[in-house]
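Residues: numbered from 1 along the sequence shown.
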Amino acid sequence: MDLKGFDQPGGSAGDTRSVKVMIAGGFGTGKTTMVRSVSDIKPLTTEETLTQASADVDHLIGVADKTQTTVSLDFGKIGINESLVLYLFGTPGQERFWFLWNGLFKGALGAVVLVDTRRLESSFRAIEEMERLEVPFVVALNVFPDSGNYPAEEIRDALDIPEHTPVVAFDARDRASSRDVLVALIHHLKERSAVALEPR
């Protein structure tokens with residue numbers, strides 16, 4: 001796969017490019033799990049135990065078994081090939097921590113928005129934020145054991161996302177599956193760059 005220099009046209013062969021990628025989505029959609037599964041290094045996580053004190057703000061409908069939550073960010077790193085390294089920043093999912101998003105997204109080239117098809121509404125706001133911040137993204141449908149099997153186009157319509165935005169199904173627990181999502185994002189970014197450079 002040829003991805004050399006896609007973020008810095010004119011870079012010399014052999015250079016290693018570093019790219020900041022955000023892993024976003026609603027509460028309990030699998031962001032920390034994805035960063036943990038795919039990172040080449042031991043990831044930095046900022047998970048705290050859910051307590052009764054947060055019961056009124058952290059609604060566990062659909063994720064009743066969840067015991068921890070990210071309160072700042074997750075961080076990991078993966079080498080896609082010898083010339084491209086992705087630095088992964090997982091965002092907190094609860095709305096009360098979203099004030100951190102503006103700062104976290106500075107310098108990001110793109111994002112993966114995780115979606116739990118059992119709770120589509122949990123990721124509506126994340127998609128809105130990508131559009132507001134004008135960050136290119138792919139939608140990754142995290143397959144949970146009791147998730148329904150929905151066609152990608154049905155999910156696209158339900159989320160009201162444009163046709164050019166990729167929608168892919170994956171398992172956040174699986175390294176290869178998570179890596180495939182990141183590769184899909186890189187291809188999406190390359191295609192967007194090529195379109196932007198086309199003469200008008």
Side-chain angles (χ1 to χ4, degrees), residues 1-25 29-47 70-93 97 100-115 123 126-127 129-142 161-162 164-199:
M1 170 179 17
D2 179 18
L3 299 171
K4 291 181 180 177
F6 83 97
D7 59 328
Q8 295 181 28
S12 60
D15 289 348
T16 299
R17 307 295 185 202
S18 301
V19 175
K20 180 178 181 180
V21 170
M22 305 306 299
I23 310 297
T29 53
K31 299 177 295 297
T32 300
T33 300
M34 180 182 181
V35 173
R36 280 182 174 154
S37 75
V38 80
S39 180
D40 291 337
I41 61 172
K42 182 177 180 181
L44 165 71
T45 61
T46 57
E47 287 200 308
T70 299
V71 296
S72 179
L73 62 87
D74 299 318
F75 174 77
K77 178 179 110 170
I78 177 173
I80 296 295
N81 58 26
E82 70 283 351
S83 63
L84 181 62
V85 175
L86 306 185
Y87 288 95
L88 310 175
F89 290 78
T91 64
F97 294 124
L100 296 168
W101 280 37
N102 286 336
L104 285 174
F105 273 83
K106 285 184 180 172
L109 196 65
V112 175
V113 176
L114 270 64
V115 170
S123 291
I127 291 170
E129 284 298 294
M130 297 306 104
E131 293 168 347
R132 181 183 71 83
L133 296 168
E134 299 183 340
V135 175
F137 66 97
V138 299
V139 171
L141 310 178
N142 191 9
I161 56 175
H164 66 265
T165 300
V167 177
V168 294
F170 87 119
D171 183 342
R173 301 166 298 179
D174 182 76
R175 175 178 170 82
S177 187
S178 295
R179 185 182 183 279
D180 287 346
V181 171
L182 295 170
V183 170
L185 173 63
I186 296 303
H187 281 302
H188 179 52
L189 295 173
K190 285 189 74 177
E191 287 170 5
R192 283 176 55 96
S193 295
V195 170
L197 292 172
E198 285 179 358

**Student:** Specify the closest pair of heavy atoms between Thr165 and Val138, including all atoms of both residues, with the distance to one decimal.
**Tutor:** CG2-CA, 4.3 Å
**Student:** If you define the side chain from C-beta out and look only at heavy atoms, does anything of Ile186 sit under 4.5 Å from Leu86?
**Tutor:** yes
**Student:** Any heavy-atom pair between the side chains of Leu182 and Met34 that's under 4.5 Å?
**Tutor:** yes
**Student:** Begin with the C-alpha distance, continue with both residues' side-chain angles, and end with the deciding distance and a verdict on side-chain contact (heavy atoms from CB on, under 4.5 Å) for Met130 and Phe105.
**Tutor:** CA-CA 10 Å; Met130 297 306 104; Phe105 273 83; 3.2 Å; yes
**Student:** Could you tell me which residues satisfy salt bridge (Lys or Arg N to Asp or Glu O under 4.0 Å) with Asp40, sequence neighbours excluded, listed by chain and number?
**Tutor:** Arg175
**Student:** Got a sec, which residues hit ring pair (Phe, Tyr, Trp, His ring centres under 6.0 Å) with Phe89, two or more places apart in sequence or on another chain?
**Tutor:** Phe75
**Student:** Using the test side chain to side chain contact (heavy atoms under 4.5 Å, CB included), find all partners of Val35 that sit at least two apart in sequence or belong to another chain.
**Tutor:** Ile23, Pro43, Asp74
**Student:** So how far is it from Asp15 CG to Leu84 CG, rounded to the nearest 0.5 Å?
**Tutor:** 12.0 Å
**Student:** Return the minimal non-hydrogen interatomic distance between Leu114 and Ser123, and the atom names on each side.
**Tutor:** O-OG, 2.8 Å
**Student:** Looking at OG of Ser18 and CG of Leu109, how far apart are the two atoms once the value is rounded to the nearest 0.5 Å?
**Tutor:** 11.5 Å
**Student:** For residues His188 and His164, report the shortest heavy-atom separation together with the two atoms involved.
**Tutor:** CE1-O, 3.3 Å
**Student:** Hey, what do you get for CD (Glu129) to CD (Glu134), rounding to the nearest 0.5 Å?
**Tutor:** 12.5 Å
**Student:** Looking only at heavy atoms, what is the nearest atom pair of Ala172 and Gly30, with distance?
**Tutor:** CB-O, 3.8 Å
**Student:** List the atom of Ala140, the atom of Phe170, and the distance in Å for their closest heavy-atom pair.
**Tutor:** CB-CE2, 3.5 Å
**Student:** Could you go step by step and tell me if Thr29 and Asn142 meet the side-chain contact (heavy atoms from CB on, under 4.5 Å) rule?
**Tutor:** CA-CA 7 Å; Thr29 53; Asn142 191 9; 5.8 Å; no
**Student:** Taking only residues two or more places apart in sequence or in another chain, which ones pass side chain to side chain contact (heavy atoms under 4.5 Å, CB included) with Asp174?
**Tutor:** Asp171, Ala176, Ser177
**Student:** Check whether any side-chain heavy atom of Asp180 sits under 4.5 Å from a side-chain heavy atom of Val168, and report yes or no.
**Tutor:** no
**Student:** Any donor-acceptor pair under 3.5 Å linking the side chain of Lys20 with the backbone of Lys106?
**Tutor:** yes
**Student:** Mind checking what makes side-chain hydrogen bond (donor to acceptor under 3.5 Å, both in side chains) contact with Ser178, not counting sequence neighbours?
**Tutor:** Ser37
**Student:** For Lys77, does the NZ atom have more than 12 heavy-atom neighbours from other residues, nucleotides or ligands under 6.0 Å away?
**Tutor:** no
**Student:** Counting only N and O atoms by type, is there a donor-acceptor contact under 3.5 Å from the side chain of Arg179 to the main-chain atoms of Ile80?
**Tutor:** yes
